[in-house]
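First the proteins, then the strands, lettered A, B, ... as listed; each starts at 1. All of these numbers come straight from a predicted model, not from anything done at the bench.
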Amino acid sequence: MHFQWDDHADCLIVQLPEPFSYEHNLDYLSRSTNECLFHVDNLDIYKLLRIVDKDVLIAVNSADSAAMRIRIINIEDAAQQPELLRAVAEYVWEWFDLGRDLMPFYDLVQRDPLLGPVVQRFHGLRLMGIPDLFEALSWGIIGQQINLTFAYTLKRRLVEAFGTSLVWEGRTYWSFPSPETIALLSPDALTALQFTGKKAEYLIGVAALIAEGQLTKERLLALGSIQAMEKELVRIRGIGPWTANYVLMRCLRDPAAFPLADVGLHNALKHVMGLDDKPSLDTITQLAAKWAGWEAYATFYLWRVLY
DNA sequence: TGCCAGGTAAACA
DNA sequence: TGTTTACATGGC
């Protein structure tokens, strides 16, 4: 990771890899007008980060294609805090998956009749992540078996009820609730927000595991293989194969993670294949064999054809 | 207005 | 081990 503080521009500079399309990433981030965890304003992305008990409001921009500029809005002497700068740069680095070399993926699928046109159309798109494990698991659980529009509504209710916020120039910025906060809730507090009883239990259970320190990104990553991580995640009540792979894909950053049961993936394949019905799981498994090692990226690119 | 939604656990055969 | 059903509610 390369980053430096630019005194003249008063912002953090993170070098961008090739290929990288800020526009395609921004399009992805703009897909819901009901997103509550960041705010896209023209070419700026505003986001509130929690960095060791401090609320840090950042604005990300990429005016030129070679670098990302990150303003740290609410902290006067950010330049004097190297740990803070590093934490911010690392967050953005993970969020945009800047450490990934995309060329092996493109080499693998550019001649694929299904994926070839898709990767060409969204060239430079990165798999936008959810670096925080609790947020990633929560978003997965929230999204189970409901439409995305409603999922965004539920997330907003959760965040606005239990998250932390910062007001800046008339706009309120939110960060995701801490697992410690959610672990202490009774299911009633979540069913009141229209969570189902089960999802309320799942979410509180996961929050407790993380709050107690039993479940961490580091522990999962230390297991080494994707199979071992998936097995460990699926042991947790409320986390099935889909959620486990969703989290492996967007948080643990395994490019071979594959949420096979994903309805969005099914509909995207139906669309690009020109089918009348969604393809069967067997058909998808056969197709995905050609994307081996890059199933997560294939899935993420395919989602883009729908929204 | 009925079917569908970025599934999972639990019951059942 | 593999299949079926309840969950629960909003969106379109």
Can a side chain N or O of N147(A) be found less than 4.0 Å away from OP1 or OP2 on dT9(C)? no

Between T153(A) and dG10(C), is there a side-chain N or O to OP1/OP2 distance below 4.0 Å? no

Close aromatic pair by centroid cut-off 6.0 Å: Y152(A) and W139(A): yes

Taking atom P of dG10(C) as reference, at what distance in whole Å does atom CZ of F195(A) sit? 13 Å

note: I141(A), atom CD1; dA8(C), atom P; distance rounded to Å ~ 15 Å

Within the distance-only criterion (no hydrogens, no angle test), does the side chain of R126(A) pair as donor or acceptor with the backbone N or O of R100(A) below 3.5 angstrom? yes

Expressed in whole Å, how much space separates the P atoms belonging to dC7(C) and dT1(B)? 25 Å

dG10(C) and dA9(B): how far apart are their C1' atoms, nearest whole angstrom? 22 Å

Quick note, Q194(A) side chain, CB onward, closest among dG11(C), dG10(C), dA8(C) is dG10(C)

Would you give a per-nucleotide map of nucleotides 7-13 of chain B, 5' to 3', where B means the base has a protein non-hydrogen atom under 4.0 Å away, S means only the sugar-phosphate does, and - means neither? BSSS---

Under 4.0 angstrom, heavy atoms only, what part of the nucleic acid is G197(A) near: base, sugar-phosphate, or nothing? sugar-phosphate

Whether Y301(A) and Y106(A) hold their rings parallel, tilted or perpendicular, with breakpoints at 30° and 60°: perpendicular

